[in-house]
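Input: a single structure, listed below in structure tokens.
The chains referred to below are lettered A, B, ... by the order of the sequence lines, with proteins before strands, and numbering in each begins at 1.
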Amino acid sequence: MSDSARLAQLLFPHITQTPAQLMEQVYPPRELPEGAVVTRFAPSPTGFMHIGNVFTSLVAERAAHLSGGRVILRIEDTDKKREVEGGAELIVRGLSDFGIYFDEGVLPGGEQGAYGPYRQSMRAELYHVFCKDLVERGLAYPCFCTEDELAEYRARQEQAGVTPGYWGEYAEKCRSRSYDEIKALVDAGKPYVVRLRSPGKPGGRVKLRDVIRGEIEMEENFIDVVLLKSDGIPTYHFAHVVDDTLMRVTQVIRGEEWVASAPIHLQLFWLCGLKTPKYAHVSPLMKEDGGAKRKLSKRKDPEAAVSYFSEQGYPASAVTEYLLTIANSGFEDWRRQNREAPCSEFPFSLKKMSLSGALFDLVKLQSVSAEVISRMTAEEVCESVLAWAKEYDADLYARLSADKSFAAGIFAIDRGGKKPRKDIAKWSDVRGYASYFFDDMLTRESADTLPDGETRRAILQAYLEVLDAADDKDTWFEKIRGLCAPLGFCPDVKQYKESPEQYRGHVGDVSAVIRMALTGRLNTPDLHAITALLGQERCLARIKDYMEKEC
RNA sequence: GGCCCGUUGGUCAAGCGGCUAAGACGCCGCCCUUUCACGGCGGAAACAUGGGUUCGAUUCCCGUACGGGUCACCA
């Protein structure tokens with residue numbers, strides 16, 4: 001038995017399987033149609049859901065499903081220091097709230113799929129199988145260096161101006177230990193990590209063919225990176241190689257921050273004798289900050305957290321739709337041509353993704369969201385508002401649910417037709433949008449564009465005599481027009497424009513006064529509908545109140 | 001600092017050797033309109049920079065500047 005075989009046995013006495021056995025017997029190739037792609041989203045359960053997570057997972061989901069393949073949700077919980085209780089559930093639920101559905105992995109209903117377990121903390125043995133193989137072949141070794149020693153090396157390397165890390169002469173100490181030496185250390189209970197014995201050389205080159213970014217040439221890895229931490233749990237690098245191999249992932253879609261470590265991954269695949277998946281590195285979402293661009297930051301930017309969007313009440317579909325416009329610029333054109341089609345029909349393409357990080361633009365999101373909401377039916381809007389308010393605005397919820405048909409009436413105004421309004425971009429806008437429907441929330445904004453008090457009084461006095469909230473729209477309109485002539489206003493805007501000097505104003509000015517009396521605003525949806533919804537008594541009361549206080 | 005990547009209007013972006021350099025958001029104006037919207041039309045607004053290559057560069061190459069990423073027993 002060779003030294004390395006004895007070493008492998010010493011380090012992993014409990015492992016009996018080989019990588020090949022695992023791959024043939026436990027995790028065989030998937031049976032999928034030609035061209036189908038398997039992707040995955042692999043977050044770490046830190047208890048914080050970044051909007052960038054939604055973006056990357058959306059991209060992975062689209063790429064897989066458009067090809068007829070599958071997406072996996074895997075939890076990367078190999079760092080207990082960062083892990084937060086319930087963090088995984090938060091992500092799983094968050095993603096499903098955004099309508100991003102996974103085929104297997106950690107799903108809302110629990111784990112599902114034949115290639116699990118899907119939490120890395122449950123996969124220790126699998127990593128050990130591959131690691132043992134590497135040790136056996138002399139490609140990995142235990143390292144007993146302490147943090148202090150490592151820090152010292154780093155200091156020396158920095159001083160010398162050479163690449164920091166465990167390599168070359170700095171790696172000699174543990175690289176060259178004999179079996180007996182190691183055995184003594186292990187028996188003495190000394191903690192160790194397992195490191196890769198990298199065959200790379202400084203100056204060596206590797207090429208990465210990235211689906212989004214094209215060919216990238218980089219320096220090859222020559223660092224003896226850690227494969228297994230001292231607690232026996234793998235680092236990201238090693239877990240990535242083992243998991244994506246075993247789960248039969250064909251395309252690794254991940255953040256751009258991983259490009260730099262791709263040489264490590266490529267080398268690991270190669271040394272393990274495995275086929276490398278395709279890589280697609282997605283650019284991060286950026287934020288404008290004092291004229292400069294930077295990554296959206298969880299600390300500085302409230303909109304980095306997905307909770308921000310639910311709190312504000314952006315429909316999840318609006319957020320994903322906006323994200324899609326960032327992902328593929330062709331989306332907007334497609335949307336204009338396919339107003340009602342579900343996003344899933346959009347021919348998303350990884351290749352068309354932008355290389356530079358896009359600024360996350362809340363103003364644009366508002367516009368997209370207003371568009372999305374304008375396409376909803378009154379019932380959908382009403383339900384969504386209610387669901388949102390129940391969680392985030394108890395007062396509004398109480399008001400709306402106290403009289404559901406009244407609430408439904410509010411959202412039915414100017415909605416559902418060919419020209420829906422777009423003045424609700426998020427559910428938190430609703431309180432401001434609908435406040436005047438409630439007597440105790442009615443306030444009147446100041447308006448110096450209205451006729452003088454005396455005129456306003458005359459208009460309202462006349463309107464009071466004919467007002468009937470039950471009128472149909474044409475009758476209502478004719479009554480408004482009827483108010484005009486006796487008071488010196490023109491009942492027809494076109495006519496007014498021909499000779500404005502003959503009038504004190506036009507029918508629009510008259511209705512502005514009525515609108516102000518009824519709603520306290522200059523800007524509201526269809527006045528007739530509002531009048532009807534408010535009802536005779538309330539309309540009369542509001543007009544009288546206005547005449548008393550403001551005329 | 002080393003290694004990668006990027007740079008078209010305020011923002012997202014088409015473009016892939018020859019164009020008056022699309023479109024969307026935002027902004028401004030006009031039209032439509034009972035108000036408010038919606039919609040329509042129009043406007044201001046861009047190829048970071050210096051060298052090449054070429055008959056011709058936004059497009060190809062090199063340098064510079066600026067921006068981003070990364071250099072852990074974190075992912």
So, is [X] near the phosphate of [N], with a side-chain N or O under 4.0 Å from OP1 or OP2?
{"X": "A/Lys229", "N": "B/A75", "result": "yes"}
{"X": "A/Arg195", "N": "B/C73", "result": "yes"}
{"X": "A/Lys352", "N": "B/A13", "result": "no"}
{"X": "A/Arg205", "N": "B/C4", "result": "yes"}
{"X": "A/Thr78", "N": "B/A75", "result": "yes"}
{"X": "A/Ser354", "N": "B/A13", "result": "yes"}
{"X": "A/Lys80", "N": "B/C73", "result": "no"}

request  = Please confirm whether the backbone N or O of A/His50 pairs with a side-chain atom of A/Asn53, one donor and one acceptor, at under 3.5 Å?
outcome  = yes

Identify whether any heavy atom of [X] sits under 4.0 Å from a base atom; if not, whether one sits that close to sugar-phosphate; answer base, sugar-phosphate or nothing.
{"X": "A/Ser44", "result": "sugar-phosphate"}
{"X": "A/Pro284", "result": "nothing"}
{"X": "A/Arg521", "result": "nothing"}
{"X": "A/Ile480", "result": "nothing"}
{"X": "A/Asp526", "result": "base"}
{"X": "A/Ile233", "result": "nothing"}
{"X": "A/Gln366", "result": "nothing"}
{"X": "A/Val493", "result": "sugar-phosphate"}
{"X": "A/Cys145", "result": "base"}
{"X": "A/Arg481", "result": "nothing"}

Nucleotide [N], atom [atom2] - distance to [atom1] of [X] in whole Å:
{"X": "A/Arg336", "N": "B/A24", "atom1": "CZ", "atom2": "C1'", "answer": "6 Å"}
{"X": "A/Met218", "N": "B/G6", "atom1": "CE", "atom2": "P", "answer": "12 Å"}
{"X": "A/Lys364", "N": "B/G23", "atom1": "NZ", "atom2": "C1'", "answer": "9 Å"}

Among [options], which is the nearest nucleotide to the side chain of [X]?
{"X": "A/Asn523", "options": "B/C25, B/A37, B/U70", "answer": "B/A37"}
{"X": "A/Tyr236", "options": "B/C5, B/C73, B/A75", "answer": "B/A75"}
{"X": "A/Glu219", "options": "B/C3, B/U11, B/A75", "answer": "B/C3"}
{"X": "A/Ile326", "options": "B/A13, B/C38, B/C74", "answer": "B/A13"}
{"X": "A/Lys422", "options": "B/C73, B/G39, B/G69", "answer": "B/G39"}

message = My validator wants the stems of RNA chain B: runs of 3 or more consecutive Watson-Crick or G-U pairs, both distances under 3.5 Å, written as range with range.
response = B:1-7 with B:65-71, B:10-12 with B:23-25, B:27-31 with B:39-43, B:48-52 with B:60-64

Check: [N] base within 3.5 Å donor-acceptor of [X] side chain:
{"X": "A/Arg421", "N": "B/C36", "value": "yes"}
{"X": "A/Arg82", "N": "B/C74", "value": "yes"}
{"X": "A/Ser230", "N": "B/C73", "value": "yes"}

remark   = Taking for A/Asp361 and for A/Pro491 the nucleotide of RNA chain B with the nearest heavy atom, the one nearer the 5' end belongs to A/Asp361

query = Counting only heavy atoms not in A/Lys278, do more than 12 fall under 6.0 Å of its NZ?
reply = no

